[in-house]
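All chains are named by letter (A, B, ...) in the order of the sequence lines, taking the proteins before the strands, and each is independently numbered beginning at 1.
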Amino acid sequence: MRLYDTFSRSLVELPAAPGPVRMYFCGPTVYARAHIGNARPFVVGMWLRSWLRSRGYDAQLVHNITDINDKIYEAAPGASAGLAARATVWYLEDTADLGLGMPDHLPQATECVPQIVAFIEELVAADHAYASGGDVYFRVASFPEYGRLSGQKPDQVEQGEEPSALKEDARDFALWKANKPETEDTWWDSPWGRGRPGWHIECSVMAEEIYGPAFEIHGGGLDLVFPHHENEVAQSRALGHPFAGIWAHNGMLRFTGEKMSKSSGNVATIRETIDEWGREAVLVFFLTASWRKPIDFSPETMAQAAARRDTLRNAFTLEPAAHDESGWEAFAAALEDDFDTPAALAVLHEWASTRQLELLRRGLAVFGLESLAERRDAPPEVAELARRRAQARGARDFEASDRLRDELAALGWQMRDEPGGGYTLVHDA
RNA sequence: GGCGCCUUGGCCGAGUGGUUAGGCAGAGGCCUGCAAAGCCUCGUACAGCAGUUCGAAUCUGCUAGGCGCCUCCA
């Protein structure tokens with residue numbers, strides 16, 4: 001199994017099974033209902049865990065909840081903690097409804113503040129950080145490797161606002177920020193006074209809190225490479241921790257050709273997308289693109305995903321062919337090669353058209369889509385309508401037959417006639 | 001200004017120096033009372049220009065266009 005690693009800019013072979021493969025994927029900042037783009041790292045992480053486990057790996061996934069952040073203070077002045085708690089529940093509900101199970105751990109920044117403080121103290125003691133006016137900053141100049149993950153040249157980085165007078169160097173970033181009582185209604189005590197952790201240190205600490213100083217894969221959106229992940233590397237490696245072995249960055253989701261962003265408003269949430277298209281269509285949608293490439297979210301691309309879902313599900317209403325286990329190799333090869341889900345999806349379609357239904361069911365199960373193989377039994381009233389329609393058809397009363405078919409359709413059931421008067425009832429999603 | 005990515009048929013999306021990816025949509029046909037599902041047939045695409053080569057969509061250069069990031073957007 002090999003995966004593309006942002007740090008080395010190459011495909012990297014994973015250690016042989018059983019590993020372990022410990023994965024940490026950056027999760028959302030909880031201040032609103034998460035949009036569909038936020039689902040991508042979650043889905044990729046859960047799929048990877050699922051696939052690796054099926055290959056005999058001891059794979060784990062940690063997905064953090066960033067519940068201390070500027071955005072939360074801005075979104076709920078004076079009530080940030082309540083919003084963060086609510087939005088955390090939303091995120092857990094929405095991702096759970098994707099039907100992929102849940103990560104092994106979902107650490108929250110608010111639960112790790114003492115460890116964060118201790119980590120910062122170590123950095124200060126090692127001269128990689130310095131306190132300044134109630135803040136603590138990471139001293140970028142003390143870490144020569146800075147910029148290697150992202151390829152950024154620190155002296156070329158565009159400077160936004162005027163550099164803070166508290167910093168020794170404009171490149172330095174905050175590990176701890178002094179409380180600003182007028183805008184921030186939560187704080188924690190620290191050796192540097194009341195305040196709160198910076199974003200980057202939260203992730204370094206949450207990852208290491210669970211895995212220790214070294215683990216195999218760190219994931220997240222491509223937009224996090226700089227500065228977020230660059231800073232995580234700096235913080236942890238400055239203390240001599242190996243930190244992540246592979247950096248796996250998923251491509252961004254774009255909305256009608258443009259990147260979705262919460263700031264532009266009017267973005268589809270995970271919740272809305274599941275409600276409108278169903279969770280299976282959402283998963284098939286993510287399957288259609290390589291995990292590293294951008295993916296366009298639009299009614300058209302979702303409709304195509306829904307059509308593919310139907311094609312795959314329909315295969316299970318047909319007679320299976322003689323099982324041929326050898327076909328599994330092509331599927332496995334696709335996923336072992338940088339988790340190429342579009343290629344794997346092509347194999348699934350191949351199995352659907354050749355009626356390798358056992359392989360198809362197993363392949364779908366890797367992606368949480370085994371439900372497409374399930375045949376729902378018709379409830380009694382549906383079965384009764386179907387019986388009456390079959391009778392009407394038999395009597396060549398096509399007017400009644402068509403009316404009953406419409407009634408069934410209204411209940412979400414398709415009646416597929418078969419030669420000889422038989423029929424199959426299929427529930428459409 | 002800096003770092004990086006991308007450009008394949010109506011749409012999505014693989015791929016490789018010379019041989020049909022796959023799907024969705026569409027057209028025709030078979031099947032059906034009519035449908036649905038299924039099956040059969042139909043697309044000769046690879047941004048442009050120049051070069052390397054016996055041969056390039058696949059390698060090189062240039063041009064055009066699109067996208068991400070540049071201190072807290074997954």
Side-chain angles (χ1 to χ4, degrees), chain A residues 6 9 25-29 34-45 63 66 69-71 138 140 147 150-161 163-164 167 170-174 177 198-200 202 219-228 230-231 249-254 257-264 284-285 287-290 292-296 298 300-301 303-308 310-315 317-319 334 340-350 352-353 355 393 396-398 401-402 405 409 414-419 423-424 426 428:
Chain A
T6 306
R9 293 171 210 290
F25 273 60
C26 279
T29 296
H35 67 255
I36 187 64
N38 284 298
R40 201 171 192 195
F42 178 90
V43 168
V44 169
H63 191 58
T66 299
N69 198 311
D70 284 352
K71 295 225 170 226
F138 184 88
V140 169
S150 63
Q152 294 286 339
K153 296 173 183 164
D155 52 332
Q156 293 285 355
V157 165
E158 193 174 59
Q159 294 302 327
E161 299 155 20
S164 163
K167 294 185 187 181
R171 303 171 298 171
D172 294 348
F173 57 90
K177 299 173 132 175
W199 180 36
H200 317 301
E202 294 175 358
L222 204 46
D223 55 340
L224 296 184
V225 176
F226 190 90
H228 186 51
E230 190 72 73
N231 291 353
H249 289 108
N250 62 270
M252 308 304 283
L253 181 143
R254 296 181 301 210
E258 286 178 31
K259 180 190 160 191
M260 292 178 79
S261 83
K262 295 179 187 176
S263 54
S264 70
V284 171
F285 166 72
L287 229 32
T288 60
S290 159
R292 291 199 281 127
K293 292 201 173 168
I295 187 168
D296 287 327
S298 68
E300 291 74 25
T301 54
Q304 289 192 15
R308 296 178 83 126
D310 292 341
T311 298
L312 293 168
R313 183 164 43 209
N314 279 333
T317 65
L318 306 167
E319 276 302 302
D340 186 350
T341 59
L345 181 58
V347 175
L348 294 178
H349 278 290
E350 173 71 17
S353 61
R355 308 291 140 69
R393 269 191 82 222
R396 302 191 67 78
D397 179 357
F398 298 123
S401 171
D402 289 351
R405 181 164 61 194
Q414 261 184 40
M415 190 164 171
R416 297 184 185 162
D417 299 333
E418 292 163 3
Y423 56 86
T424 303
V426 180
D428 30 62

Inter-nucleotide [atom1] distance ([N], [M]), Å rounded:
N	M	atom1	answer
B:rG13	B:rU52	C1'	30 Å
B:rC69	B:rC49	P	33 Å
B:rG4	B:rG9	C1'	29 Å
B:rA64	B:rU44	P	33 Å
B:rA21	B:rC3	P	37 Å
B:rG15	B:rU20	C1'	12 Å

Between [atom2] on [N] and [atom1] on [X], what's the gap in Å once rounded to a whole number?
X	N	atom1	atom2	result
A:Trp199	B:rU71	CH2	P	12 Å
A:Asn69	B:rA74	CG	C1'	13 Å
A:Asp402	B:rU32	CG	C1'	12 Å
A:Glu418	B:rA37	CD	C1'	10 Å
A:Phe398	B:rA36	CZ	P	16 Å
A:Asp310	B:rG38	CG	C1'	14 Å
A:Arg292	B:rC5	CZ	C1'	10 Å
A:Arg416	B:rA35	CZ	P	16 Å

Problem set entry | 5' priority, RNA chain B, between A:Cys26 and A:Ala315 [closest heavy atom] | A:Ala315
Seminar exercise, completed: Of A:Val347 and A:Val225, the one whose closest nucleotide on RNA chain B sits nearer the 5' end is A:Val347
Can you figure out which of [options] approaches the side chain of [X] most closely?
X	options	answer
A:Gln152	B:rA36, B:rC34, B:rC70	B:rC70
A:Arg396	B:rG33, B:rA74, B:rG22	B:rG33
A:Asn231	B:rU71, B:rG23, B:rC67	B:rU71
A:Ser353	B:rC39, B:rA74, B:rC73	B:rC39
A:Asn250	B:rA37, B:rA74, B:rC24	B:rA74
A:Gln414	B:rA25, B:rA74, B:rA36	B:rA36
A:Pro227	B:rG4, B:rC70, B:rU32	B:rC70
A:Phe173	B:rC34, B:rG23, B:rU71	B:rU71

For this session: Might you work through the side chain to side chain contact (heavy atoms under 4.5 Å, CB included) test for A:Arg308 and A:Leu345, ending with a clear yes or no?
Result: CA-CA 10 Å; A:Arg308 296 178 83 126; A:Leu345 181 58; 3.1 Å; yes
Can you tell me the pairing partner of [N] across any strand shown, Watson-Crick or G-U wobble, with both distances under 3.5 angstrom?
N	answer
B:rA25	none
B:rC49	B:rG61
B:rU20	none
B:rG9	none
B:rG38	B:rC30
B:rC67	B:rG4

Classify the side chain of [X] versus the base of [N] as yes if they form a donor-acceptor pair under 3.5 Å and no if they do not.
X	N	answer
A:Ser401	B:rG33	yes
A:Asp417	B:rC34	yes
A:Arg171	B:rC70	no

Contact class for [X] vs. all strands (heavy atom < 4.0 Å): base, sugar-phosphate, or nothing?
X	value
A:Leu222	nothing
A:His349	sugar-phosphate
A:Gly27	sugar-phosphate
A:Asn314	sugar-phosphate

Looking at side-chain heavy atoms only, is the closest gap between [X] and [Y] below 4.5 Å?
X	Y	result
A:Trp199	A:Asn231	no
A:Phe138	A:Asp172	no
A:Thr317	A:Gln414	no
A:Gln304	A:Thr288	no

For this session: Please work out whether the ring planes of A:His63 and A:Phe42 are parallel, tilted or perpendicular, with thresholds of 30° and 60°.
Result: perpendicular
For this session: Summarise how protein sits on nucleotides 11-16 of chain B as a single string, 5' to 3': B when a protein heavy atom is under 4.0 Å from the base, S for sugar-phosphate-only contact, - for no contact.
Result: BSSSS-
Problem set entry | side chain to side chain contact (heavy atoms under 4.5 Å, CB included) between A:His349 and A:Leu312, worked out | CA-CA 7 Å; A:His349 278 290; A:Leu312 293 168; 3.9 Å; yes
Where the side chain of [X] meets the backbone of [Y], is there a donor-acceptor pair that is under 3.5 Å apart?
X	Y	result
A:Thr66	A:Thr29	no
A:Glu230	A:Gly147	yes
A:Thr341	A:Ala289	yes

Exercise. Hey, is the side chain of A:Thr424 poking within less than 4.0 Å of OP1 or OP2 on B:rA37, counting only N and O atoms?
Worked result: no
Exercise. OP1 or OP2 of B:rC73 sitting under 4.0 Å from any side-chain N/O of A:Thr29?
Worked result: no
